Amino acid sequence: MQTLHVSLHTVPHFVQHPSIAHDVTTDRWSCQGLGSSLQHRQITRGPQLLGSRRSSRLVGHDSASSTWPSEPAEAINNEEALKQVPENGNGVATSGIHASSDEAALRVGLSSKGSKKLAGFWGAYSKALEEHPIRVKSATSFFGFLFGDVVAQLVVGNPYNYLRTARMVVFGILMDGPVGHLWYTFLDGKVYPDQPKSNKAVISKMLCDQLIWAPFFSCVFFTVIKTLEGNPSAIISTIQAKLIKTLLANYALWPLAHIINFKFIPSAQRILYINCVQVFWSAYLSFISTQA
């Protein structure tokens, strides 16, 4: 084995008189020195460079062979050099380790940026909701009824009716958002206000909503839609024909949804939560309101 002494750009203070040893039989290099914490890396000559950025920046010259680059750690950034880096002692290519580390760091960075943007959006929404609750809840109802009607029309597959979407959106803005805000504020203020998350409060609010509010608001829905269609004379007949069917569908979805609502959702966020669920419900209402 021949020993080659080299200078080190970056050496911990506890490493004294390190040296590089070369075993000609296996063509392996190793770092030797008192207290050295440098790990062994397999290194070949020529274009193949150090196997890891953590191997400290070794700079040396073997008179019997070619010269190492003066900055191998920076040279690792060269894509061609990375492909030639040999495997480490565990049989894993160190270039793959570096690529995985870089990709992981990139994903963490992107995730962090995405989280900050989401947090910023949520903060702005919460502030606007506190300052203008009815306006913001009307806006969320706008999107809930808009998406619901779009889904309903796409599923049916008939030519798209923009006036129908406009009617649903108007109902969401003028009725669902503002009136819903008043209704849920009333419930939170009158039904066990000192124990709003207790089981008795949750069940009581859910029953009030389903036995009182659901029938009333279904009638309001058909009334507004038929009026916007320019056919107010059909309001009574429409309610008689469709109310029971609508309530049966309502009871398949909303009791469970409202148990979650009253148990876990903050009062200020109720309309947002309801409109997320209501995308599907609005699709159903839009569909049934147009049936003969």
Side-chain angles (χ1 to χ4, degrees), residues 113-156 160-191 196 205-206 208-210 212-214 216-230 246 249-250 253-254 256-290:
K113 291 180 181 179
S115 299
K116 289 180 180 179
K117 289 182 179 179
L118 181 60
F121 172 79
W122 184 254
Y125 172 82
S126 299
K127 182 179 179 181
L129 184 62
E130 182 179 352
E131 296 175 351
H132 309 287
I134 293 180
R135 293 181 187 178
V136 173
K137 291 175 183 179
S138 293
T140 60
S141 293
F142 165 83
F143 287 107
F145 279 86
L146 173 65
F147 293 145
D149 185 67
V150 169
V151 169
Q153 294 202 48
L154 291 178
V155 169
V156 172
Y160 195 87
N161 187 335
Y162 291 95
L163 288 177
R164 170 178 154 180
T165 300
R167 289 191 290 267
M168 294 295 292
V169 165
V170 167
F171 178 82
I173 294 174
L174 298 182
M175 298 301 300
D176 184 74
V179 179
H181 165 76
L182 297 175
W183 169 245
Y184 293 115
T185 300
F186 171 80
L187 281 183
D188 289 332
K190 298 299 183 181
V191 181
K205 291 178 183 178
M206 184 273 291
C208 288
D209 187 86
Q210 293 303 293
I212 300 173
W213 185 252
F216 167 74
F217 208 61
S218 295
C219 292
V220 171
F221 171 77
F222 291 123
T223 299
V224 172
I225 293 300
K226 288 302 173 183
T227 300
L228 292 175
E229 287 177 353
T246 301
N250 173 88
L253 171 66
W254 285 108
L256 177 58
H258 278 305
I259 287 176
I260 296 172
N261 177 23
F262 295 123
K263 185 71 174 181
F264 302 107
I265 307 300
S267 179
Q269 312 294 345
R270 295 205 196 286
I271 296 297
L272 176 62
Y273 164 78
I274 288 170
N275 276 282
C276 290
V277 179
Q278 196 155 280
V279 168
F280 306 100
W281 180 244
S282 298
Y284 174 77
L285 288 179
S286 178
F287 173 77
I288 196 173
S289 68
T290 58

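Side chains are part of it too, since the values below use all heavy atoms of this structure and drop only hydrogens, waters and symmetry mates. Everything quoted here is computed from the prediction, not taken from an experiment.
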Kindly list each side-chain donor-acceptor pair under 3.5 angstrom involving residues 134-151, sequence neighbours excluded, with atom names and distances?
| unit_1 | atom_1 | unit_2 | atom_2 | d |
| --- | --- | --- | --- | --- |
| Lys137 | NZ | His181 | ND1 | 2.7 |
| Ser138 | OG | Ile134 | O | 2.9 |
| Ser138 | OG | Ile173 | O | 3.2 |
| Thr140 | OG1 | Lys137 | O | 2.8 |
| Ser141 | OG | Lys137 | O | 3.1 |
| Ser141 | OG | Asp176 | OD2 | 2.8 |
| Ser141 | OG | Gly177 | N | 3.2 |
| Ser141 | OG | Asn275 | ND2 | 3.3 |
| Asp149 | OD1 | Arg164 | NE | 3.0 |
| Asp149 | OD1 | Ser286 | OG | 2.3 |
| Asp149 | OD2 | Gln153 | NE2 | 2.7 |
| Asp149 | OD2 | Thr165 | N | 3.3 |
| Asp149 | OD2 | Thr165 | OG1 | 2.4 |

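Side chains of Phe216 and Val220 form a contact here, defined as non-hydrogen atoms less than 4.5 Å apart. In this structure, the side chains of Val170 and Met175 stay at 4.5 Å or more apart for every pair of heavy atoms.
In this structure, the side chain to side chain contact (heavy atoms under 4.5 Å, CB included) partners of Val156, at least two apart in sequence or on a different chain, are Asn158, Phe287. A search for side chain to side chain contact (heavy atoms under 4.5 Å, CB included) contacts involving Ala268 returns Leu129, not counting sequence neighbours. Under the salt bridge (charged side-chain N to carboxylate O under 4.0 Å, His left out) criterion, Arg167 pairs with no residue at all, not counting sequence neighbours. Under the salt bridge (charged side-chain N to carboxylate O under 4.0 Å, His left out) criterion, Asp209 pairs with no residue at all, not counting sequence neighbours. For Val191, the side chain to side chain contact (heavy atoms under 4.5 Å, CB included) partners at least two apart in sequence or on another chain are Leu187, Ser204, Lys205.
In this structure, the separation between CG on Asn261 and OG on Ser267 is 9.0 Å, given to the nearest 0.5 Å. Distance CD1/Ile265 to CZ/Arg270: 8.0 Å, rounded to 0.5 Å. Residue Ile260 holds its CD1 atom at 10.5 Å from CH2 of Trp254, rounded to the nearest 0.5 Å.
Within the 6.0 Å centre-distance limit, the rings of Phe171 and Phe217 are counted as a close aromatic pair.
Surrounding CD of Glu131 are more than 12 heavy atoms belonging to other residues, nucleotides or ligands, all under 6.0 Å away. Counted within 6.0 Å of CZ on Phe186, heavy atoms from surrounding residues, nucleotides or ligands total 12 or fewer; the atom is thus considered open. When the shell of 6.0 Å around OH of Tyr284 is examined, it contains more than 12 heavy atoms from other residues, nucleotides or ligands.
Using a cutoff of 4.0 Å between basic side-chain nitrogens and carboxylate oxygens, Lys127 and Glu130 are not scored as salt-bridged.
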Are Leu256 and Met206 close enough, and set up right, to give a side chain to side chain contact (heavy atoms under 4.5 Å, CB included), and what steps lead you there? CA-CA 9 Å; Leu256 177 58; Met206 184 273 291; over 6 Å; no
Determine, step by step, whether Val277 and Tyr273 satisfy the side chain to side chain contact (heavy atoms under 4.5 Å, CB included) criterion, reporting the C-alpha distance in whole Å, the side-chain angles of both residues, the deciding distance to 0.1 Å, and the verdict. CA-CA 7 Å; Val277 179; Tyr273 164 78; 4.0 Å; yes
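Under the 30°/60° scheme for interplanar angles, the aromatic rings of Tyr125 and Phe121 are found to lie parallel. Ring orientation note: the planes of His258 and Tyr184 are tilted relative to one another, at an angle of 30° to 60°.
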